[in-house]
Amino acid sequence: QVQLVESGGGLVQAGDSVRLSCAASGRTFNSYNMGWFRQAPGKEREFVAAIRWTDSSSTAYADFVEGRFTISRDNAKNTVYLQLNSLKPEDTAVYYCAALHWSTREPFGAWGQGTQVTVSS
């Protein structure tokens, strides 16, 4: 089973950028499609971005991303990244990574502790 540890969040201003990392342990990491999700206060967790394990150039994003975020992975380092650019206050949330089913974007397996991103206006 894959274990996940997210990092890289923090307090930033609107328009800033931040890079999140998700370090995975487990020899089967490279077999999973991976995704980023987020949960804002008082809201349900939502899908942000996904990347295939077979082709790291194959990615998908939620509509609200609007070209501002980029997901990538380094299978040699067992790490998935999420580059967040042009951040908005509404991007404030705890960001999580997880394995997911590509067709449905539904996550499965264990969650990490998440990393908080707070965007001030």
Is it the case that the side chain of Thr92 and the backbone of Pro89 share a donor-acceptor pair, with hydrogens and angles ignored and the cut-off at 3.5 Å? yes
Going only through I, L, V, M, F, W and Y residues with side-chain contacts under 4.5 Å, is there a path from [X] to [Y]?
{"X": "Val117", "Y": "Phe47", "answer": "no"}
{"X": "Val94", "Y": "Phe64", "answer": "no"}
{"X": "Val119", "Y": "Leu11", "answer": "no"}

Indicate whether any N or O donor in one side chain lies under 3.5 Å from an N or O acceptor in the other, for Thr118 and Gln116. yes
Does a donor on one side chain sit under 3.5 Å from an acceptor on the other, for Thr79 and Asp74? no
Answer whether the closest heavy-atom distance between the side chains of [X] and [Y] falls below 4.5 Å.
{"X": "Thr115", "Y": "Tyr96", "answer": "no"}
{"X": "Phe69", "Y": "Leu87", "answer": "yes"}
{"X": "Val48", "Y": "Leu82", "answer": "yes"}
{"X": "Leu100", "Y": "Phe37", "answer": "yes"}
{"X": "Trp53", "Y": "Met34", "answer": "no"}
{"X": "Glu6", "Y": "Tyr95", "answer": "no"}

Looking only at non-hydrogen atoms, find the nearest pair between [X] and [Y] and report the distance.
{"X": "Trp111", "Y": "Cys97", "answer": "CE3-O, 3.8 Å"}
{"X": "Arg73", "Y": "Arg52", "answer": "NH1-O, 3.2 Å"}
{"X": "Ser86", "Y": "Ser17", "answer": "N-OG, 4.3 Å"}
{"X": "Asp91", "Y": "Arg68", "answer": "OD2-NH1, 2.6 Å"}
{"X": "Leu4", "Y": "Ala24", "answer": "CD2-CB, 3.6 Å"}
{"X": "Val18", "Y": "Gly8", "answer": "CG2-O, 3.0 Å"}

Tyr81 ring centre to Arg19 NZ or CZ under 6.0 Å, with the angle to the axis within 45°? yes
Kindly indicate whether a cation-pi arrangement holds for Arg38 with Trp36, taking the cut-offs as under 6.0 Å to the six-membered ring centre and within 45° of the axis. no
Worked check of side-chain contact (heavy atoms from CB on, under 4.5 Å) between Asn33 and Ile51: CA-CA 6 Å; Asn33 299 316; Ile51 187 166; over 6 Å; no
Residues Arg105, Glu46; criterion salt bridge (charged side-chain N to carboxylate O under 4.0 Å, His left out); working and verdict: CA-CA 10 Å; Arg105 310 291 191 250; Glu46 63 180 349; over 6 Å; no
